[in-house]
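In listed order, ligands and their atoms are each counted from 1. Values below: all heavy atoms of this structure, side chains included; hydrogens, waters and symmetry mates excluded.
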Amino acid sequence: MAYFDFIEKVNFEGKDSKNALAFRYYDKDRVILGKKMSEHLPFAMAWWHTLGACGVDMFGAGTADKSFGSEKATMAHAKAKVDAGFEFMSKLGIEYFCFHDVDLVPEDEDINVTNARLDEISDYILLKMKETGIKCLWGTANMFGNPKFMNGAGSTNSAEVYCFAAAQIKKALDITVKLGGKGYVFWGGREGYESLLNTDVRFEQENIARLMKMAVDYGRKIGFTGDFYIEPKPKEPMKHQYDFDAATAIGFLRQYGLDKDFKMNIEANHATLAGHTFQHELRISAINGMLGSIDANQGDLLLGWDTDEFPFDAYEATMCMYEVIKAGGLTGGFNFDAKNRRPSNTPEDMFYGHILAMDTFALGLIKAAEIIEDGRIDAFIEEKYSSFKEGIGERILSGEATLEELSAYALEKKVTTNPASGRQEYLQTIVNQILF
Ligand code: XUL
Ligand code: CO
């Protein structure tokens with residue numbers, strides 16, 4: 001049975017196409033900088049938003065029907081979601097998906113029942129994967145929805161809840177490995193605090209690290225060779241989240257010896273919530289060798305929360321792809337952790353959202369490659385630091401210079417010149433020239 005029978009397949013039609021159900025930029029076999037677009041852009045569908053989110057918000061009920069012809073919270077519905085999801089991804093040419101454990105099946109009071117359901121549904125998903133060639137990008141455990149996690153999972157004050165979290169992680173890892181997932185994500189949903197009056201921060205952080213260490217040990221034991229990811233986010237639902245941003249998360253991983261097994265899963269909307277640009281978070285991850293995967297969405301700078309919009313900002317996407325290309329690509333992919341706006345409530349809108357997002361990143365890739373091939377920006381940066389290429393600059397980089405030596409140099413030289421201009425506006429002009 002087809003759930004989206006209004007479309008056979010979304011095809012590339014080129015920039016001037018007025019067909020709403022076609023790509024203007026995403027041309028999967030087009031080669032950019034020696035690689036196919038589809039290889040630069042391993043897109044993934046987020047199970048939770050695409051197959052689950054129906055527009056419920058704090059002020060009202062859902063507007064979109066995601067029952068897919070079955071009664072919700074049943075295994076029949078879980079299977080209908082699999083069918084709908086694979087039809088959706090196939091029609092769009094999306095090659096990966098990401099999931100939380102409880103996105104796949106209804107959660108039961110008894111975790112043993114939930115786990116049996118996960119076994120059943122993952123068998124069914126495996127069949128669909130074989131049939132379509134679609135793969136799993138990453139899996140994760142939802143350790144923030146269940147009221148048990150009201151004080152966090154790894155950061156909880158309850159040793160029993162901590163064990164419950166361990167059980168969920170273990171099963172989510174089992175399923176991720178079973179589905180051949182490339183990565184496993186920790187988004188620290190409620191790993192943080194509201195008030196220091198009731199919180200032992202050191203204790204909580206050490207316990208989170210212990211849980212992650214156990215997850216790594218178990219994952220490696222069952223043959224998981226992929227990356228573990230931290231997905232930094234500064235706030236929401238907690239006021240202070242421990243994985244505030246990439247720099248904070250990287251420091252945490254290094255402090256607890258987890259940095260060899262983990263990388264970052266950078267989400268655009270989380271970056272802006274942290275007061276950073278998306279590009280900043282990507283760069284910080286990349287220079288630390290930790291750019292793993294991306295949750296490709298977009299926030300609204302006028303709103304202070306995680307709006308998870310489909311990305312449409314071509315400038316941001318260009319800067320993202322510039323970072324990704326420079327970093328040599330991702331070990332993960334581009335997961336559309338994005339949902340339609342509440343009034344965009346039809347199955348067609350699900351397609352429009354993903355087409356918009358895929359085209360935005362394809363355009364970003366095309367433009368980023370042009371910026372790199374143009375070379376003026378790279379040349380400027382190269383020149384900007386050129387004083388470190390010879391003379392005293394070279395000595396500084398050699399690591400042999402002492403503070404006394406540099407001081408003597410400055411005193412003798414009586415340094416009077418300022419560095420050359422930063423030329424920001426000139427460089428922005430170049431970017432606009434290439435973009436438009
Ligand atoms: C929440 C968020 C999550 C993670 C996975 O803001 O981004 O959906 O991506 O748990
Ligand atoms: Co996310």
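With respect to the salt-bridge test (charged N to carboxylate O, under 4.0 angstrom), the residues K367 and E370 qualify. Contact check on K339 versus D306 returns no salt bridge, with no Lys/Arg side-chain nitrogen under 4.0 Å from an Asp/Glu carboxylate oxygen.
Remark: K135 fails to qualify as a cation-pi partner of F97 under the 6.0 Å distance and 45° angle criteria applied to the six-membered ring.
Under a 4.0 Å criterion applied to the non-hydrogen atoms of D295, ligand 1 contributes the atoms 9 (O).
Geometry note: the Co ion (ligand 2) is the vertex, E267 OE1 and D295 OD2 are the arms, and the angle is 100° (rounded to 10 degrees).
The nearest protein atom to atom 9 (O) of ligand 1, hydrogens excluded, is given as E231 OE1, 2.7 Å; this is a heavy-atom distance. Among all protein heavy atoms, the one lying closest to atom 5 (C) of ligand 1 is H100 NE2, 3.2 Å.
For the residue pair Y162 and R210, the shortest heavy atom distance occurs at OH-CB, 3.4 Å.
Here F186 and Y229 keep their ring centres 6.0 angstrom or further from each other. Taking the six-membered ring for Trp and the full ring otherwise, H49 and F336 have centroids separated by 6.0 Å or more.
Under a 4.0 angstrom heavy-atom cut-off, D306 registers as being in contact with ligand 1. The shell of residues lying under 4.0 angstrom from ligand 1, judged by heavy atoms, includes H270.
The N, O or S atom of E231 lying closest to the Co ion (ligand 2) is OE2. Between the Co ion (ligand 2) and the N, O or S atoms of D337, the shortest distance is to OD2.
Neither the backbone nor the side chain of N265 has any atom closer than 4.0 Å to an atom of ligand 1 (non-hydrogen atoms only). Only the side chain of K233 comes within 4.0 Å of ligand 1, counting heavy atoms alone; its backbone N, CA, C and O stay farther away.
Shown here is K9, whose NZ atom has more than 12 heavy atoms of other residues, nucleotides or ligands within 6.0 Å.
Side-chain atoms of T272 come within 3.5 Å of backbone N or O of N269 as a donor-acceptor pair.
Checking only distances, D337 does come within under 3.5 Å of ligand 1, N or O to N or O. Ligand 1 has no nitrogen or oxygen under 3.5 angstrom from a nitrogen or oxygen of W138.
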